[in-house]
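Take a look at the structure below.
Just so it is clear: chains get the letters A, B, ... in the order the sequence lines come, proteins before strands, and each one is counted from 1.
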Number of protein chains: 2
Amino acid sequence: MKIGEAATRSGLSVKTIRYYESIGLISPSERADNGYREYSPIQVDTLHFLQRARATGFSVEECRQLLDLYRNEGRHSAHVKNLVLEKVAQLDQQLQELQAMRGTLMDMADRCAGNEGPSCAIIDQLADSSEGAAP
Amino acid sequence: MKIGEAATRSGLSVKTIRYYESIGLISPSERADNGYREYSPIQVDTLHFLQRARATGFSVEECRQLLDLYRNEGRHSAHVKNLVLEKVAQLDQQLQELQAMRGTLMDMADRCAGNEGPSCAIIDQLADSSEGAAP
DNA sequence: TGTTGACCTTCCATTAACTGGAAGGTTTAT
DNA sequence: ATAAACCTTCCAGTTAATGGAAGGTCAACA
């Protein structure tokens, strides 16, 4: 099948498939006589695998590793599990940071009158200038 | 003072300050006879304001808006508060997505034996191929 | 036969927010 | 004198695509 159908079936865009090929994430596809890319159902499975892995939060580089494991029948499932657990740890870190940021913003909002006046605790807090001078 | 000291005092890097100037986030600084940039304490306050706003999660474009408000004595604090509350809503959205992703990953990990064998529920779930064929 | 429209191709530019490095000028200290 | 520590500009790279231009191909339809 041609790239358009491969895109529809895999859930990736045509552009993204060509991009993945350009960075060597997937191997160059066969070409028909007219130069069009030709995809087998098995290649579409790989594309779909990539779509799901990206949507699950793996980076392209992590996808490259997962793909190697996916293709490698001699893999150890422990290796795959480690990748996933590392990813979870990353997410936990990111969640903590976002939650801290949310707390800061809510504190700011709480201390701000939010009225017609110019006096604003948020601005003051961001400025945090010892002189209190505005530029 | 020169850019190095302005960087130290504001908490931004020298590169970042020059970058902010290049995108017009801050106005071009005065130059000494030798071409070196010259910063006043007031300008450093602005740089510090930017450092804190970025660290708090505002994008550069949002910083541009905040900076206008920061400099504008005729601002309404309601406007500033709205910016902050919008940002909180964005964060809540992002937090939800990350938590969903974390759940998916933990489900995967739980169903994976994590042993020496090649059989791996994670790979199977990512593949999700109706044929079960590996490329 | 012509042409319309939906495909496909490659290549270049852009996004966000910097960071790294090259190549070179200036100042300060030893 | 020269080395270290500054400063300058400019170009390239990062992530993961996306948008668009310019052009080739193919099937259907009047």
Considering every strand and a 4.0 Å limit on heavy-atom distances, what is the contact class for R37(B): base, sugar-phosphate, or nothing? sugar-phosphate
Quick one: pull up CD1 in I17(B) and OG in S10(B) and give me the separation to the nearest 0.5 Å. 4.0 Å
Starting at CD1 of I17(B) and ending at P of dC6(D), how long is that distance when rounded to a whole Å? 14 Å
Assuming nearest nucleotide by heavy-atom distance, tell me which of S59(B) and K2(B) is located more 5' along DNA chain C. S59(B)
Using only modelled atom types and a 3.5 angstrom limit, is any donor from either the side chain of Y19(A) or the base of dA17(D) paired with an acceptor on the other? no
OG of S29(B) to CD of E38(B): how many Å apart, nearest 0.5 Å? 8.5 Å
Axis-to-axis angle across the helix from dT1(C)-dA30(D) to dT30(C)-dA1(D), five pairs each end, nearest 10 degrees, ~ 30°
Check whether any side-chain nitrogen or oxygen of T16(A) sits under 4.0 Å from OP1 or OP2 of dA16(D), and answer yes or no. no
Looking at residues 6-15 of chain A, who's got a heavy atom less than 4.0 Å off DNA chain D? S13(A), K15(A)
Using a heavy-atom cut-off of under 4.0 Å over every strand shown, decide if I23(A) touches base, sugar-phosphate, or nothing. nothing
Any idea which of dT9(C), dA16(D), dC18(C) is nearest the Y20(B) side chain? dC18(C)
Is any side-chain nitrogen or oxygen of N34(B) closer than 4.0 Å to OP1 or OP2 of dT27(C)? yes
Between R18(B) and dA17(C), is there a contact of a side-chain N or O with OP1 or OP2 at under 4.0 Å? no
Atom-pair distance (OH on Y36(A); P on dT10(C)), nearest Å: 11 Å
